[in-house]
Amino acid sequence: MISYRKKGKFVKKNVKKYLLSEFLGLRRGKENSTLPANYTDKCFNFTMQDSRLKEGYGVKKLKSVDGADYEPTQYTIERIYAYPSNKRNERELVLSAEDVIYRLKESEKYWQFQNLFPSHEEGALTTVDERPVLLIPKKNKGIYIYDGFNFSDAEVNIAPTAMCSHYGRVFAVDKNDEYRLIFSDVGDPTNWNVSLDEGGRIYMDVEDGRILKLISHGGHLYIFREYSIYRLTAYGDQRDFVMKKVANTTAKVWKDTVALCDNRIIFLTRAGAYQFDGYNVGEIMKGYSSYLTGIVGKPFGSFFNGKYYLALKNKYSDGKNSVEGSDNVSNDDINDTLLTYDTQSGDVSLSSNVYIKNMQPLRSRDGEECLLAVGYSLYYLGYVDKGSGFFERPVEKIWESPRIDFLSPGEEKEIDGISVPEGGSYVFGISADGSIRRDYQVDGRKKYIPIGIRGKSFVFTIRAKSGSKDILSPYVYVKS
């Protein structure tokens with residue numbers, strides 16, 4: 001190799017300079033065997049934005065409004081219910097645990113618990129005498145009613161698996177007959193008597209599957225069943241109710257993934273992710289089917305501040321029990337990955353080793369504050385935020401390129417070196433032909449790192465720790 005000096009620098013002839021990546025996102029069917037590798041199907045605990053690798057989404061421990069730690073609960077938390085507060089800087093939370101319901105008012109600074117027996121199913125917020133009340137299903141049958149001060153026991157003969165408040169009534173699904181929609185009297189969630197002047201029930205055909213989820217949106221109640229969506233117009237007198245089937249789904253719907261996201265409803269089926277605008281169903285996240293079609297267990301979706309968050313567990317056909325980069329927890333019922341979907345840009349990011357059971361937006365007088373998250377066998381709450389990690393546990397951030405042959409698959413090349421700009425610290429990895437692998441420590445300073453690895457194809461990786469600075473792409477120098 002012949003070198004010559006130009007303006008004080010040594011320049012090597014027959015060496016090409018490539019940008020490693022513009023970090024545009026997870027792959028969306030964009031195959032590319034040369035650099036820059038702008039899209040990849042392996043990126044965890046990073047987000048890709050502004051041509052940089054930035055911190056991904058994780059779960060941080062929830063602290064009080066003044067920054068202090070909450071005392072841990074005595075029993076593990078199963079589900080979160082948020083009760084609206086009319087005071088500034090005031091949170092009010094209700095948590096279901098095993099044979100216990102906790103409540104917290106920020107001003108009181110400690111959890112109070114009641115010896116009650118919740119089912120951990122979805123609750124509903126409704127209004128009685130112009131005051132908000134929270135309905136929480138009991139373990140066997142019945143409903144607890146929380147009015148901001150006390151819990152009362154509505155000894156009704158139903159066991160709700162889904163509930164929703166709509167135009168003064170509470171609509172629900174009873175686990176003893178999940179093909180039937182039931183509803184309360186107007187303004188009285190304790191009265192489920194079947195009468196034209198009180199509550200009622202609507203029987204539905206069995207071929208569309210069980211009723212899974214109820215969403216009040218745009219003046220209608222949308223009924224998500226396993227294989228279809230119905231729209232109920234129910235403004236006042238039940239004699240005027242109108243039920244209409246508005247869509248079929250391509251595959252079975254995952255119950256707890258259905259979430260209202262501004263002006264649309266997003267949900268997951270066994271065939272992928274979809275959105276529903278009240279009239280039509282359209283597929284979203286089309287390039288991410290490998291993450292969405294092998295899901296097992298109990299995925300859970302929630303919407304907050306323009307993003308749809310999906311806690312999931314994916315079991316791949318190659319026998320892996322979780323996404324690349326996770327701890328491979330064998331229990332299919334434990335979600336280990338958080339998928340974040342930006343509903344405006346369509347960008348998707350993945351976080352591994354994030355174990356979320358369910359989520360709930362926390363709303364205060366001043367609007368939405370954060371997205372609360374419940375883990376498994378934990379005695380405290382978290383919230384979803386930028387900053388990879390799960391509570392105090394750090395996670396490894398990984399970006400990996402597709403296999404790169406520089407458009408000449410049969411020819412041997414040499415990776416001469418990389419030049420790195422200033423930025424975050426990370427480990428740069430390179431493997432050649434699936435056998436030779438080397439790692440190089442990048443300390444955040446601008447410099448050239450000689451490599452000298454030969455091969456016909458290469459895979460490049462970037463690995464960093466939680467809390468590292470943004471990473472700019474290095475340049476790769478290749479001898480032909």
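Atoms considered below: every heavy atom in the structure, side chains included; atoms not considered: hydrogens, waters and symmetry mates.
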Any donor and acceptor pair, going by atom type alone, linking the side chain of [X] with main-chain N or O of [Y] inside 3.5 Å?
| X | Y | result |
| --- | --- | --- |
| Lys413 | Gly455 | no |
| Asn335 | Ile356 | yes |
| Tyr179 | Glu207 | no |
| Arg91 | Pro84 | no |
| Tyr81 | Ala124 | no |
| Ser228 | Arg225 | no |

Between [X] and [Y], ring centroids under 6.0 Å:
| X | Y | value |
| --- | --- | --- |
| Tyr380 | Phe391 | yes |
| Tyr379 | Tyr75 | no |
| Phe390 | Tyr355 | yes |
| Phe303 | Tyr309 | no |

Polar contact flag, side-chain donor to acceptor under 3.5 angstrom, [X]-[Y]:
| X | Y | result |
| --- | --- | --- |
| Asp443 | Ser425 | no |
| Lys252 | Thr269 | no |
| Asp347 | Ser345 | yes |
| Tyr230 | Asp208 | yes |

With a 6.0 Å cut-off (strictly less than), is the heavy-atom count around NZ of Lys447, excluding the residue itself, greater than 12?
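Enclosed: over 12 neighbouring heavy atoms sit under 6.0 Å from NZ of Lys447.
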Under 4.0 Å between a Lys/Arg side-chain N and an Asp/Glu carboxylate O for Lys63 and Asp69?
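Asp69 and Lys63: salt-bridged.
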